[in-house]
Amino acid sequence: MPVTRELNEDSHLYLVDASGYIFRAFHALPPLTRKSDGLPVGAVSGFCNMLYKLLAESKEVTGNGKATHFACIFDASSKTFRNDLDPRYKAQRPPTPEDLAPQFPLVRRAAIAFGTPAVELDNYEADDLIAAYARIAEEKGAKVTIISSDKDLMQLVTDKVSMMDTMKDRHLSFEAVMDKFGVAPDRVTHVQALAGDSVDNVPGVPGIGLKTAAQLINEFGDLEALLKFSSEHVPDKKNKAHELLTFKRHENLVEFADDARISFKLVTLDDHTPVPVAIEEFGVCEPELEQLVPFLDEMEFRTITRRVVQALGDGAEPVATPASGEATIPVTETNNVFDTSQYTTLIKPDDLVEWMRRAQAVGVIGVDTETDGLDAIGANLVGVSLALGPNDACYIPLGHTGDGDLLGDGAPEQMDMKLALGILKPMLEDPTILKVGQNFKYDVNVFHRAGEKFLDEPIIPYPIDDTMLLSAALEAGQHNHGMDVLSELHFDHKPIPFKEVAGTGKKQITFDKVPVPEATKYAAEDADVTLRLWALLKPRLSAEGMATLYETIERPMVPVVAQMERAGIFVERETLSRLSGDFAQRMAQYEAEAYELAGREFNMGSPKQLGEILFGEMELPGGKKTKTGAWATGADALEDLAAEGHELPKILLGWRSLSKLKSTYTDALGECINAETGRVHTSFNLVGAQTGRLSSSDPNLQNIPIRTEEGRKIRAAFVAQEGNVLIAADYSQIELRLLAHIGNIDTLKDAFNNDLDIHAMTASEMFGVPIEGMDPMIRRKAKAINFGIIYGISAFGLARQLGIPRGEASEYIKAYNAKFPGILKYMDEMKAFAREKGYVETAFGRRIWMKGINGKGPERGFAERQAINAPLQGSAADIIKRAMVKMPAALEKSGLQAKMLLQVHDELIFEAPKAEAEKTIKLVKKIMETATFPVMDLSVPLLVEAEAAHSWNEAH
DNA sequence: TTGCTCACG
DNA sequence: GACGTACGTGAGCAAA
């Protein structure tokens, strides 16, 4: 029990922001469940460890560090007086995760068990109580340490009050606050009131972020002074009222003054909150073993129980722990030693049942599937591997078809598929067991289909984590995220290559033919590596601030995209083969004409032979070499020649486009039609692009032709099935809109807010021509420039794109920068940010690491353009992913049958019953247009155009 | 396997 | 003053 003790100048009060800690621990620490019944206790465990460490340390530290008073402060309920101030406050908070909710009462008990008061007060947040106690302690001359990393508490920092982040083992002092907010702690609330907070839904003033807010407060002193100045000094047409107040900022400060005042109240902690327990009651005492040990025991925390008993007790062994005799090395204690001889092959159902029991006890399991093919939709399940700890992995052969007695022991070679899946299913769907995979979308689909086939109902693994997605969230741009790369990088261990077990080239066999002993080594190792990667990467998520991105965008994509891959899209085989024939005929004509002109036959598909003919034999002028010294025969070069009146290049261009369409699309796509479903099932790579975009392969359905009439005929072969329509919904100008928002460029924002033709507006501004009756060529130039901006423009690139001299392009860029100075500022900021941090960020916090940003020459220029483009392309990717994640539930809630089939970067394709087309379009548009909500409200509207039709060609 | 070319956003 | 460049992908073919 805490003791009563007066506070004076020698006192030191520790205040633990317990509620804040729980949330952070929950996301940062590996999930942990109580062995006996699966009760989730990860946050409780983290809390106990933290308390123990804190109490032990503060005992040892002499002088100011030593705690004389100690208390854990909790939120009492989710509703507080702030909700009455503004109903928006924290209104968008997602519901508490299921496996976190039961831990709150346990953490309160933990605090009490450690002999520290657990304090809370209805209608107030923990932060308010902390503010009140800190004030009281300070008035008595005591020192205060607040255990939290919550920025909302930073306003309390003084020379007596400091903060400590135990997870990062870091003290936050006056300087750290200055660093974060750009103002002294006592001005923090003023800055927050202006900048707002999307996490807590504090409105703030639009267009003012932390940086601007800090500048303004430093200039005007406080919020009221600033608001007063803004309302009293109306700027005139030409002159701003103050150097820091752009017209837009000034306008917003006047218009949203009330929001700012409300925000100020929301962010200001009430340090006169009535305290439910007198501060003198917080006197530190030794925890009482009689109270603490039973609690720790009940939680089944063996390690910490032992520690506590050794530190505080008489050396006696702790109370006996459950006698399960588990020998599993905790997954968190990974090492780099791999021993494939420890892997086991599971043949007997009883052994599998025992593994399921252990999975239950450990609470997290590495899972990998082996199949007889590469695509998750066509391939069959061959085996499953599991891992529960380093070198503690097994393989369950299920569909091996090799001849003979595979193990040579006369035992049955493998378990019955149906029986094994029946045992695995409850574990895979058990909400208290976390399934960890590498590229788990593949395994999700394999399990889904195997369940349907053998158990008459799908197996839907949940909950899951994906090491590939973890790696991409943490290190996009640094390397790719295949298991081999990650294993070598993190463990300096090269897993057995697939080729080693399956062979290569013609002799390659499918996995079902691989002898079980080799299959066990290969497959179990994959599960082992995966689980070790998880133990390494998962805790880094929160530590590096990437948990929200991963949990709200990346991981939820797995089931959504898996469903899209299973759905596939119907493609008319007849249309494709008719086109193939048509193209072949016309190519033959082109070939005949080309041979005639060249004076001999040659391979038109060979750039080498082509170069020799054009620039060697025919001696056409202007030939350029590629970097390897070969003649360049790309479309640009051929077009130049054609423009000079040469016939052969024209023919080649025509032949090339047909050849491309035929080989890549009309021929290849027909081969991709799945025999069972009659549809084409692409594979989406969730980490295909470092910017966060998806990529599509086998076949790539994100590059189906559209720009030419011939190409569109291919798109017309993608159709809805009888009674359905395809719906194509695409974001209009999303990257330019994001440029307007992120770069905070008023002219662009106004244009989008007034629904103007953005390219015409640009042209009008730059060239001083009216929008009405504009020359299409002028608009085209402006459009090219707008695109160029997004790509990190250069005079060279623009000149090439528009076919104009470089000097002219240079003039355009100058004119552009003069008219839209904000964009130059955006570009400089991105470059500077990338140089300093080594990465850039998207709107939703995705990080893209830049290689070579601090290098020199071309390498650096490349990285700089990337730094300009990546936040825009990546933010657009964030947004459409958010829409995709929300979509299935929204459709279901509206009772609509529509299925999402494809994503093409800024476009989603659905198939829906004809009768529901109208309603589906309406809903899809709404979800896509509001995808940033409630976390973010862009300063420009997002516009989605959607249409329904029989074919993809007509729908787009 | 590498380079070239070209389909898409 | 020259360097080299538009950003992000995947696939098929030729040529080694």
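Convention: sequence-line order gives letters A, B, ...; per-chain numbering from 1.
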Quick one: is A:Thr633 getting a side-chain N or O under 4.0 Å of the B:dT5 phosphate, OP1 or OP2? yes
A:Ala784 near the nucleic acid: base, sugar-phosphate alone, or nothing, with a heavy-atom cut-off under 4.0 Å? base
Take a 6.0 Å sphere around CG of A:Leu374 and say whether it holds more than 12 heavy atoms from other residues, nucleotides or ligands. no
Can you tell me if the side-chain N/O atoms of A:Arg865 get under 4.0 Å from OP1 or OP2 in C:dC7? yes
Base, sugar-phosphate, or nothing for A:Ser696, non-hydrogen atoms under 4.0 angstrom? sugar-phosphate
From CD of A:Glu864 across to P of C:dC3 the rounded distance in Å is 19 Å
Categorize A:Gln609 for me: base, sugar-phosphate, or nothing, with a 4.0 angstrom heavy-atom threshold over every strand shown. sugar-phosphate
Any donor-acceptor N/O pair under 3.5 Å between C:dT5 base and A:Ser794 side chain: yes
Nearest-nucleotide pick for A:Ser606, side chain only, options being C:dG10, C:dG8, C:dA15: C:dA15
Under 4.0 Å between a side-chain N/O of A:Thr664 and OP1 or OP2 of C:dG12, yes or no? no
Which part of the nucleic acid, if any, lies within contact of A:Arg860, taking any heavy atom under 4.0 Å across all strands shown: a base, the sugar-phosphate backbone alone, or nothing? nothing
Please report the distance, rounded to the nearest Å, between NE2 in A:His956 and P in B:dC8. 11 Å
A:Leu701 vs A:Val904 side-chain heavy atoms within contact, under 4.5 Å: no
Select base, sugar-phosphate, or nothing to describe what A:Ala635 touches, counting heavy atoms under 4.0 Å on all strands. sugar-phosphate
May I ask you to evaluate whether A:Asn603 reaches the phosphate of C:dA14, defined as a side-chain N or O under 4.0 Å from OP1 or OP2? yes
Can you check the distance between B:dA7 and C:dA2, where both ends of the measurement are the P atom (answer in whole Å)? 35 Å
Look at the side-chain N and O atoms of A:Arg707 and state whether any lies under 4.0 Å from the OP1 or OP2 oxygen of B:dC8. yes
Any base atoms under 4.0 Å from A:Glu735, or only sugar-phosphate, or nothing? Heavy atoms, all strands. nothing
Within the 4.0 Å heavy-atom criterion, would you say A:Gly634 contacts the bases, only the backbone, or no part of the nucleic acid? sugar-phosphate
Whole-Å gap separating P (B:dG9) and NZ (A:Lys881): 19 Å
Choose from B:dC6, B:dG9, C:dG12 the nucleotide whose nearest atom is closest to any side-chain atom of A:Val904. B:dG9
Remember a base hit wins even if backbone is also touched, and classify A:Asn700 as base, sugar-phosphate or nothing at under 4.0 Å, heavy atoms. sugar-phosphate
Proximal nucleotide (of B:dC4, C:dG12, C:dG10) relative to the A:Thr628 side chain: B:dC4
Under 4.0 Å between a side-chain N or O of A:Gln702 and OP1 or OP2 of B:dA7? no
Rounding to the closest angstrom, what is the interatomic distance between C:dG4 and B:dC8 at atom C1'? 26 Å
Between C:dG4, B:dA7, C:dT9, which one does the side chain of A:Ser657 approach most closely? B:dA7
Touch check for A:Leu798, heavy atoms < 4.0 angstrom, all strands: base, sugar-phosphate only, or nothing? base
Round to the nearest Å and state the distance from A:Ile789 atom CD1 to C:dG8 atom P. 17 Å
Do other residues, nucleotides or ligands put more than 12 heavy atoms under 6.0 Å from A:Lys899 NZ? no
May I ask you to evaluate whether A:Lys662 reaches the phosphate of C:dG12, defined as a side-chain N or O under 4.0 Å from OP1 or OP2? no
Run the salt-bridge test on A:Glu709 and A:Arg712 with the 4.0 Å N-O cut-off and return the result as yes or no. no
Could you check how far CD1 of A:Ile734 sits from P of B:dC8, rounded to whole Å? 21 Å
Euclidean distance, atom CH2 of residue A:Trp631 to atom C1' of B:dG3 [Å, nearest integer]: 18 Å
Between A:Ser732 and A:Arg737, does a side chain to side chain contact (heavy atoms under 4.5 Å, CB included) hold up when you go through it step by step? CA-CA 9 Å; A:Ser732 163; A:Arg737 285 170 197 261; 3.8 Å; yes
Looking at A:Arg800, does any N or O in its side chain come under 4.0 Å of the phosphate oxygens OP1/OP2 on C:dA6? yes
Given C:dG10, B:dT1, B:dC4, identify the nucleotide with an atom nearest to the side chain of A:Lys499. B:dT1
Check the pair A:Asn953 / A:Lys713 against side chain to side chain donor-acceptor pair (under 3.5 Å), numbers first and verdict last. CA-CA 8 Å; A:Asn953 184 36; A:Lys713 290 179 183 168; over 6 Å; no
Whole-Å distance between C:dA14 C1' and A:Glu612 CD? 12 Å
Pick the C1' atom in C:dC3 and in B:dT5, then give their distance to the nearest Å. 26 Å
Would you classify A:Asp698 as touching base, sugar-phosphate or nothing, given that sugar-phosphate means primed atoms plus P, OP1 and OP2, and contacts are heavy atoms under 4.0 Å? sugar-phosphate
State whether A:Trp631 and A:Lys624 meet the cation-pi test: NZ (Lys) or CZ (Arg) under 6.0 Å from the six-membered ring centroid, and within 45° of the perpendicular axis. no
For a quick check of understanding: with a heavy-atom distance under 4.0 Å over all strands, which category does A:Ile790 fall into, base, sugar-phosphate or nothing? nothing
Would you indicate what A:Ala668 reaches in the nucleic acid, counting non-hydrogen atoms under 4.0 angstrom: base, sugar-phosphate, or nothing? sugar-phosphate
Of the nucleotides B:dC6, C:dA6, B:dC4, which one has an atom closest to the side chain of A:Gln801? C:dA6
B:dT2 and C:dA6, which share atom name C1', separated by this distance in whole Å: 24 Å
Gap between atoms CE and P, on A:Met604 and B:dC6 respectively (whole Å): 12 Å
A:Lys819 atom NZ, neighbour heavy-atom count above 12 within 6.0 Å: no
Over all strands shown, is A:Gly788 touching base, sugar-phosphate only, or nothing at heavy-atom distances under 4.0 angstrom? base
With heavy atoms under 4.0 Å as the rule, sort A:Phe862 into base, sugar-phosphate or nothing. sugar-phosphate
A:Tyr791 has a side chain; which of C:dG12, C:dA6, C:dG8 sits nearest to it? C:dA6
Positive for side-chain contact (heavy atoms from CB on, under 4.5 Å) with A:Trp952, one of A:Val571, A:Val719, A:Ile704: A:Ile704
Paired to B:dT5 by Watson-Crick or G-U wobble criteria (both distances under 3.5 Å) is C:dA11
